[in-house]
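Excluded from the calculations below are hydrogen atoms, water molecules and symmetry mates; all remaining heavy atoms, backbone and side chain alike, are included. Throughout, a chain's letter reflects where its sequence line sits, starting with A, and its residues are numbered from 1.
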Amino acid sequence: MNPLDLAGPQFLLFYTFFAAVVIAGLVFWRRRAELSNSSPKIDLSDPYLIAYLRGGEKEVLRVATVTLIDRGLLVRTGRQIQRAENASPDSVRRPIEQALLKKYARGGEVSWMFEDNGLSKACEPYDATLRRARLLPDEYVNQRRLVRLVIASFVLCGVGFTKVIIALDAGRSNVGFLIVLMIASLVVATAVSFPRLTESGEAMIEDVQSLYSGLRDRAGLLNPGGAGIEPMMLAAVFGVGALAGPSFSFANGLFPDQKKRTGGSCGSGDGGCGSSGSSCSSGSSCGSSCGGGCGGGCGGCGG
Amino acid sequence: MMAVLDRFGLGWRRKLALGILSNLDRIDIVEVIADDYFRAPRPERRALRTLAAQTPVTLHGISLGMASCVPVETKRLDQMARLCDEVRPVSWSEHLAFVRGGGVEIGHLAAPPRSEATVDGAILNLRRARSIVGVAPEVENVATLIDPPGSDRDEATWVSEIVRQSESDLLLDLHNLHANSTNFHFDPVDYIARIPADRISAIHLAGGKWTGRPDARRLLDDHLHDVPDPVYQLLEEVGARVTNPLTVILERDGNFPPIEWLIEQLDRARAAVARGRARHRAAAA
């Protein structure tokens with residue numbers, strides 16, 4: 001049976017299903033094309049690079065702000081922050097931190113940072129690094145995405161317009177719903193064709209969260225005060241909402257929406273949280289252990 | 001003379017992840033427990049591949065049970081082969097131990113009787129491992145608190161026979177050697193002199209603690225303490241005898257000190273190997 005012979009409502013149903021299949025195919029095609037077999041080499045110890053990968057410059061600014069407050073270089077009063085009296089942009093080495101300390105020399109609303117071009121500029125190196133590694137789409141990836149979208153659009157419009165012509169030929173003019181459906185399917189196809197990250201980028205976030213899952217397990221034990229990089233990395237990898245304990249409660253006060261995104265158990269809107277413990281993770285070279293760890297009554301590791 | 005490209009690294013543990021990834025300029029290689037990933041979900045295995053893209057990785061097995069008259073289970077070798085295919089490690093290794101028998105898991109890396117039967121069993125197992133995985137594993141000497149009953153030869157002889165008759169190189173665990181030589185009163189330097197130097201390709205360093213009654217103390221290899229001085233002396237001894245590149249791994253399974261402290265131990269290991277290499281060059285000159 002030729003679906004183009006279907007009556008109006010039935011054809012609309014068919015077209016909805018058809019568009020869903022085309023869009024699903026488009027997503028599948030993009031994912032296959034963008035997922036590299038080999039992982040790129042990037043600096044996994046750079047918290048701001050990871051934060052940028054996970055959430056763009058806004059995420060970098062959130063992590064930097066929380067870090068600077070934790071280190072006592074920014075002072076928070078409600079939703080306002082200001083550079084500490086004894087702090088200077090020269091006392092930090094990362095450009096984004098220097099830019100934030102300059103920006104808040106006289107204090108201001110936290111939200112102002114998200115509209116500052118100078119701060120955006122400080123994030124550009126992260127953007128360039130991630131595009132080179134094709135974790136964010138570079139020009140080539142965007143061209144391929146466009147080609148796939150054009151093909152999908154051609155298919156969607158081809159079927160739709162054919163039906164419109166058939167309908168008009170038959171003297172029917174009730175093609176409005178079909179045209180709306182075509183436009184809607186094109187909008188959805190465009191949206192799914194150009195996500196912020198490449199598939200390799202999505203995978204890299206999951207990988208980094210898996211590699212750093214030990215940090216999340218110890219979130220409540222991390223020391224505040226900027227003594228170590230661990231809280232900063234935890235915030236970079238899992239979001240500032242992952243910082244736990246009263247010492248970091250200011251982070252949730254500053255960015256209350258982040259707690260929902262990264263807090264709680266495992267549900268993260270940022271690409272999953274990896275797994276915090278492998279299926280049989282012994283984390284030890286001691287063999288399968290004697291009912292609870294090596295070095296005990298079973299004769300140590302031996303390995 | 002060209003410098004020998006020795007590598008010095010740490011065992012990968014989740015709690016050390018940040019320390020390791022932040023110090024890849026001072027850590028040349030990471031050793032990962034392969035068994036943790038045999039049945040791990042795909043994303044975790046992919047994360048391991050991502051780790052391998054950042055730094056060389058070597059895989060270390062703990063459950064195959066190579067030194068046994070019982071053939072290693074094909075399923076486990078297949079799992080190792082798949083993991084090696086995915087991760088592309090620079091090498092893989094397993095212990096000269098038995099871990100199961102008669103369908104019972106011992107739950108420990110047990111030293112087998114040092115006899116012809118276990119030499120033959122180990123060689124067969126190592127050949128199967130090589131044919132299935134595609135690369136022969138390095139084999140590691142284990143620590144034991146009891147002299148294995150049924151043994152008819154000493155450990156150096158037993159290990160040497162297996163290494164010579166197989167295609168596997170030796171991963172010499174110097175703390176295991178130190179513990180065994182302490183507990184069973186033999187000379188570890190003589191042990192090193194008797195094993196084939198050209199087949200030593202990797203070294204494990206670790207720490208341990210004294211255990212047992214005061215009149216019958218035993219040195220336990222527990223991977224929870226710093227590397228003791230005698231182990232560095234043994235490492236220097238190895239450096240003086242071995243000309244091929246060495247991969248030296250510091251194993252630490254818990255009671256973690258700051259990463260700086262672990263890296264300092266790696267630096268001590270570098271210095272020990274360098275002293276040994278210098279001794280070798282001086283003797284050859």
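Considering CG of A:Asp46 and OG of B:Ser22, their distance stands at 9.5 Å, rounded to 0.5 Å. Atom CG of B:Leu18 is separated from atom CD of A:Glu230 by 5.5 Å, given to the nearest 0.5 angstrom. One finds the OG1 atom of B:Thr55 at 7.0 Å from the NZ atom of A:Lys41 (value rounded to the nearest 0.5 Å). Taking CG of B:Leu21 as the start and CD1 of A:Ile50 as the end, the distance is 8.0 Å to the nearest 0.5 Å.
Between the B:Arg14 side chain and the A:Ser210 main chain, a donor and an acceptor come within less than 3.5 Å of each other. A donor-acceptor pair under 3.5 Å is formed between the side chain of B:Gln54 and the backbone N or O of A:Pro40. Looking at B:Arg46, its side chain does come within 3.5 Å of a backbone N or O of A:Ala203 through a donor-acceptor pair.
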I'd like to know whether A:Leu44 forms a side-chain contact (heavy atoms from CB on, under 4.5 Å) with B:Leu51, so could you lay out the CA-CA distance, the side-chain angles of the two residues, the decisive distance to 0.1 Å, and finally the verdict. CA-CA 9 Å; A:Leu44 295 184; B:Leu51 175 66; 6.0 Å; no
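In this structure, no portion of A:Ser200 lies under 4.5 Å from any heavy atom of chain B. Heavy atoms of B:Thr144 lying under 4.5 Å from chain A are absent altogether.
Counting all heavy atoms, side chain and backbone alike, B:Ala17 lies closest to A:Leu211 at CB-O, 3.4 Å.
Counting non-hydrogen atoms of other residues, nucleotides and ligands closer than 6.0 Å to CZ of A:Arg94 gives a total above 12. Around the CZ atom of B:Arg88, the shell of radius 6.0 Å holds no more than 12 heavy atoms that belong to other residues, nucleotides or ligands.
Contacts with chain A were tallied for B:Val32, B:Asn23, B:Asn176; B:Asn176 has the most, counting heavy-atom pairs under 4.5 Å.
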